[in-house]
Every structure is written in C-alpha cells, then in structure tokens.
Amino acid sequence: MDQGRAPAGAVRTKRFASAYLFAAVEPATGAEVALVLPTVSTAAMSRFLAELSAQIAPDVHAVLVLDQAGWHGARALVVPPNLTLVPLPPYSPELNPVERLWLYLRERYLSHRLLADYDGVVDACCHAWTALTQEPRRIQSLTSYPWLPCLSS
C-alpha cells in the first residue's frame with residue numbers, strides 16, 4: 001500500500017480553519033477585553049488596540065505587556081495615545097501573564113475538539129472566553145505576577 005494514500009473508503013481531510021483570540025486583562029481587577037479575529041497581522045493587532053483603547057476610561061493610560069511577536073511591534077502598528085506597549089524580552093513566555101490564560105483555555109475548552117467549520121471555531125473561542133470572564137477571580141489568579149505592580153511605579 002502506498003504510504004501517502006488512505007485506503008479506499010477511508011475518510012481523510014487536511015482542511016482546517018483557524019481563528020485568533022486577541023485579549024488583554026487587568027490582573028488587579030479581572031477586567032478584560034477580547035476579540036476573535038480571522039488572522040494574525042499588524043492590521044488585526046491595530047484593530048484590537050483600537051477596541052482596547054475604546055474600553056479604557058478617558059482619564060486612564062494603560063500599559064499592555066506583550067511578547068515580541070512581529071505584529072506587536074511592526075512600524076505600521078497603530079497604537080492609540082492612551083496605551084503604552086511594553087515588550088517582554090525575547091523567548092520569555094513565562095513572563096507573559098496572558099500565556100497562562102491561553103493554557104487554561106486550551107486545557108479546559110479548546111483542545112482535542114473537532115469543529116465543523118470556521119463558524120464552529122469562532123463559536124468555541126467565544127464560548128471559552130465567555131466562560132473564563134464569568135470567573136474574574138480566576139483571571140486575577142492566573143495573571144497576577146508579583147513584578148507587575150512595578151510597571152506603574
């Protein structure tokens with residue numbers, strides 16, 4: 001039998017669909033903002049930052065800690081004036097508070113699932129995030145790192 005071919009009558013597909021969850025949380029309160037978008041890009045990140053900016057009170061300036069993914073620091077990235085982006089050192093996911101949220105969501109809601117189509121992927125992401133937001137103390141416990149208060153000093 002040819003190793004690269006499925007037996008006659010076998011179901012085999014290489015199709016897949018992806019959606020991307022962009023999110024920011026405030027560890028001290030559990031407040032959050034998230035968007036599910038079809039791509040990861042500078043334009044998508046700019047859109048997320050605009051949404052985050054709109055959710056911030058007019059007299060507040062927010063600091064967003066993030067990794068150094070290419071779309072987080074691209075020259076074309078539009079960063080609203082009420083946000084400051086603080087990049088973490090390269091290859092340091094253990095310092096990124098949101099990484100623990102991604103792990104939690106994958107372990108409890110998003111792994112080992114077969115979804116019918118792109119809409120199913122988006123629905124699963126939205127359901128997972130909504131379930132998490134019903135537990136603000138969980139967000140706080142997963143994202144409260146001892147060094148974070150030093151950023152506001």
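The chain is numbered in sequence order, starting from 1. Side chains included, hydrogens not; waters and symmetry mates left out as well; all remaining heavy atoms used.
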Quick check for you: to the nearest 0.5 Å, what is the distance between [X] atom [atom1] and [Y] atom [atom2]?
X	Y	atom1	atom2	value
Arg100	Arg138	CZ	CZ	11.0 Å
Arg106	Arg113	CZ	CZ	14.5 Å
Leu77	Ser41	CG	OG	10.0 Å
Ser53	His61	OG	NE2	9.5 Å

Is there a chain of hydrophobic side chains (I, L, V, M, F, W, Y, each step under 4.5 Å between heavy atoms) that links [X] to [Y]?
X	Y	value
Val121	Tyr20	no
Leu103	Tyr91	no
Val33	Val78	no

Partners meeting side-chain hydrogen bond (donor to acceptor under 3.5 Å, both in side chains) with Glu26 (sequence neighbours left out): Thr29

Partners passing side-chain hydrogen bond (donor to acceptor under 3.5 Å, both in side chains) against Asp119 (at least two apart in sequence or in another chain): none

Heavy-atom closest contact (Thr42 atom, Ala74 atom, distance): OG1-CB, 3.3 Å

Distance-minimising heavy-atom pair for Ala24 and Phe48: N-CZ, 3.5 Å

Whether [X] side chain and [Y] backbone form a donor-acceptor pair below 3.5 Å:
X	Y	result
Thr143	Pro97	no
Gln68	Leu88	yes
Ser144	Ser141	no

Residues clustering with Trp102 (ILVMFWY side chains joined when closer than 4.5 Å, directly or via others): Leu21, Val25, Val36, Val98, Leu101, Tyr104, Leu105, Tyr109, Leu110, Tyr118, Val122, Trp129, Leu132, Ile139, Leu142

Criterion side-chain contact (heavy atoms from CB on, under 4.5 Å) on Leu85 and Leu49, from CA distance to verdict: CA-CA 10 Å; Leu85 306 184; Leu49 292 177; 4.1 Å; yes

